[in-house]
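Down below is the structure, laid out as structure tokens.
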Amino acid sequence: MGRQQKHLHPAHMLLSIVHTVRNAFFPALFLFVFHQAGEGSWIYWGRFGFFAFIAVSIIWAVLKWWMFRYEFRAHALYVYDGLFIKSERHVPLDRIQNVQRNTSFLHRVLGLTALSLETGGEEASLKLVAVTKREADRIEMIVRGEEEPDERRLHFQATNRELLKASFTSFSFFVIIPLLTSLYFTIDDFLSLGGFTKKAVDYVAGSLWLLVPILAGFVILGIAAGIIITYLQYGNSAIMSDEKRIYLKKGLLNETFFTITREKVQAVKWKQSFVKKWFGLVEVELISAGDTGEDELETNSLYPFLPEKEAQNMIKELLPQYELENELQKLPRAALWMKLLRPSYVWTLVTAALFWQLPAYWYASLVLLLVILLLRRLEWKQARYAINGEFIQLKTGALFTEVLLTTRGKVQEVEVKEGVLQRQWKLATIRTANRANPVHYTELRDVPVQTAREFYYWYADRS
């Protein structure tokens, strides 16, 4: 492994400029289209500032590319950056927990990829935003410390049928609603139609023979848009593994490839909405020591729309040490009364606002209270827990449920709390913390106080 400082691919400058232009699209639209005939001084200086910003951004993109360098030494990655204030970052290779590739459409056109090396520390990841695929392979091999990767086993490949089902359960077809709303409010001003859009909408709304086919067309358009969005986001999804690692891949337009070491998995989380439960689907997430912290990528999710039975079998294959328990303990009846009697700050604020601003709609407060009580009853009914040997399993939620499965050795800390009302009903709240970035907490309220004590001693007896 030679000591040679490297720059990112020169196309990094182009990617930075494209990112700047994309962010400047709406200001440009405002200055040069909506106010194309504007002669005010603020329009003049606004355009001047816009061009100055673009010029400075281009110069900074070149400097940023030139300043950023990296090199691999014996057992560490060194990163150098900074123009006036020089910085040097030293990352031991054994601290790199996970590796992620994110290949956008522009990356693919240029034959590049972006590589994230996740350390799980305060600086969660180190990003190499533009490297060749060959260089990415070389870096991954260095991080693995292996000459050749192990043979990978395919556990799941998203089919067209599964993607079609996912497009309905994700409600992605509703994306057309804000789009149409935005067009309705802006098309008149943009095209100077003098209120024609509103007149046309009012005419269609009053004509049933036009309204029905147009609404049907919008429904079909929304479904088609939802299917396309789902295919672009989750198409080509696959779950693979070898002896040491789990590999997750997804995306057609923007491809994400995520690698996680099996031993770094801190917990398994099962997430299910009421719609997914209806279709028998579940999302399985792996909570790992090194997390990107980028919610939009969802890199720790195996696949958001897995069939329940297939997901259980897959977890047994990927992580045989995590055994999902089907027989869980319910919360006692006293926990229901505790949940129903617990004050609701949302209801209090909404009720105060209603009586202050809209007293004629006082009955909305009663409706909201009824909804809150029904959701709390559902939360009590679905809550479950189990402490079995090295494992703990907690189920929480009402309309959206989560099941956390982790082992005693992976729990970083526990907490047991008793409120004033809980003490009267002999109940308590338990909470676990698993190592992630940020730290992942799971809390279950109103378990029997005896269970809370067992939970505390269960953790205290860890070896």
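Keep in mind it's a predicted model, so treat the numbers as computed, not measured.
A distance-only check finds a donor-acceptor pair linking the side chain of His107 to the backbone of Val129 [under 3.5 Å]. Under a 3.5 Å cut-off, the side chain of Arg384 and the backbone N or O of Lys381 do form a donor-acceptor pair. For the pair Glu285 (side chain) and Lys269 (backbone), a donor-acceptor distance under 3.5 Å is absent. Side-chain atoms of Tyr459 never come within 3.5 Å of backbone atoms of Glu454 as a donor-acceptor pair (strictly under, hydrogens ignored). Counting only distance, with no hydrogens or angles, the side chain of Trp380 and the backbone of Ala335 share no donor-acceptor pair below 3.5 Å. Formation of a donor-acceptor pair under 3.5 Å by the Asn254 side chain with backbone atoms of Phe105 is found in this model. The closest donor-acceptor contact from the side chain of Thr348 to the backbone of Ser344 lies under 3.5 Å.
When the shell of 6.0 Å around CH2 of Trp458 is examined, it contains more than 12 heavy atoms from other residues, nucleotides or ligands. By the 6.0 Å contact criterion, CD on Glu88 is enclosed, its count of non-hydrogen atoms from other residues, nucleotides or ligands being greater than 12. Residue Lys86 places its NZ atom among more than 12 non-hydrogen atoms of other residues, nucleotides or ligands, all under 6.0 Å distant. Atom CZ of Arg101 has more than 12 neighbouring heavy atoms from other residues, nucleotides or ligands inside a 6.0 Å radius.
In this structure, Leu378 CG and Lys339 NZ are separated by 11.0 Å, a value rounded to the nearest 0.5 Å. Leu405 contributes atom CG, which lies 10.0 Å from atom CG of Asn388 (distance to the nearest 0.5 angstrom). Separation of atoms CG (Leu373) and CG (Leu368) is listed at 9.5 Å; rounding is to 0.5 Å. Here the straight-line distance linking atom CZ of Arg69 with atom CG of Leu8 works out to 11.5 Å at 0.5 Å rounding. Note that NZ of Lys165 is 13.5 Å distant from OG1 of Thr230, once rounded to the nearest 0.5 Å. Note: Ser301 OG to Leu286 CG = 8.5 Å, rounded to the nearest 0.5 Å.
Between the side chains of Glu415 and Tyr441, no donor-acceptor pair is found at a separation under 3.5 Å. No side-chain donor from either of His9 and Thr132 sits under 3.5 Å from a side-chain acceptor of the other. Checked by atom type, the side-chain pair Gln422/Thr429 shows a donor-acceptor distance below 3.5 Å.
Between Lys133 and Glu140 there is no salt bridge, since no side-chain nitrogen of the basic residue lies less than 4.0 Å from a carboxylate oxygen of the acidic one. Ion pairing of Asp242 with Arg153 is absent here, as no side-chain N (NZ or NE/NH1/NH2) approaches a carboxylate O to less than 4.0 Å. The existence of a salt bridge linking Lys276 and Glu283 is confirmed by a sub-4.0 Å separation between a basic side-chain nitrogen and an acidic carboxylate oxygen.
Looking at heavy atoms from C-beta onward, Glu255 lies in side-chain contact with Lys249 at the 4.5 angstrom threshold. Side-chain contact between Val79 and Leu126 is present, with heavy atoms from C-beta onward closer than 4.5 Å. Here the side chains of Val62 and Ile59 are not in contact, with every heavy-atom distance at 4.5 Å or above. Between Gln100 and Thr256 there is a side-chain heavy-atom pair separated by less than 4.5 Å. Looking at Ile430 and Leu394, their side chains come closer than 4.5 Å, going by heavy atoms from C-beta outward. Inter-residue side-chain proximity for Phe72 and Arg138 is flagged as met; some heavy-atom pair is nearer than 4.5 Å. Side-chain contact between Val268 and Val284: present, with at least one pair of heavy atoms (C-beta onward) separated by less than 4.5 Å. No side-chain heavy atom of Asn102 sits under 4.5 Å from any side-chain heavy atom of Phe258.
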Verify side chain to side chain donor-acceptor pair (under 3.5 Å) between Arg262 and Ser241, making sure each step is shown before the conclusion. CA-CA 9 Å; Arg262 291 176 188 249; Ser241 71; 3.1 Å; yes
Would you sort out whether Ile139 and Glu135 count as a side-chain contact (heavy atoms from CB on, under 4.5 Å), showing the intermediate values? CA-CA 6 Å; Ile139 293 173; Glu135 175 68 3; 3.8 Å; yes
Using the side-chain contact (heavy atoms from CB on, under 4.5 Å) rule, take Val91 and Leu117 through it: C-alpha gap first, then chi angles, then the decisive distance, then the call. CA-CA 10 Å; Val91 182; Leu117 307 176; over 6 Å; no
Worked verdict on Leu248 versus Ile239 for side-chain contact (heavy atoms from CB on, under 4.5 Å): CA-CA 5 Å; Leu248 311 177; Ile239 302 171; 4.0 Å; yes
Test side-chain contact (heavy atoms from CB on, under 4.5 Å) on Val449 and Glu418 and set out the steps. CA-CA 8 Å; Val449 69; Glu418 286 184 67; 4.0 Å; yes
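Here the closest non-hydrogen pair linking Met240 and Phe257 is CE-CE1, 3.8 Å. Residues Lys410 and Asn434 share a closest heavy-atom pair of O-ND2, 3.2 Å. Across all their heavy atoms, Tyr322 and Ile315 have their closest contact at O-CG2, 3.9 Å. Annotation for Leu340 and Arg376: closest pair O-NH1, 4.0 Å, computed over non-hydrogen atoms. Taking all atoms of both residues into account, the shortest heavy-atom contact from Glu162 to Glu310 is OE2-OE1, 4.3 Å. For the residue pair Gln266 and Lys264, the shortest heavy atom distance occurs at NE2-O, 3.0 Å.
In this structure, Tyr303 has its ring center closer than 6.0 angstrom to the ring center of Phe156. Aromatic rings from Phe279 and Phe305 are positioned such that their centres are separated by 6.0 Å or more.
Judged by a 6.0 Å distance limit and a 45° cone about the ring axis, Arg89 is not positioned over the six-membered ring of Tyr78.
Screening Ile287, Thr406, Leu319 for a side chain to side chain contact (heavy atoms under 4.5 Å, CB included) with Val265, the sole residue that qualifies is Leu319. Across Gln272, Lys271, Lys277, Glu379, a single residue satisfies side chain to side chain contact (heavy atoms under 4.5 Å, CB included) together with Thr401, and that is Gln272.
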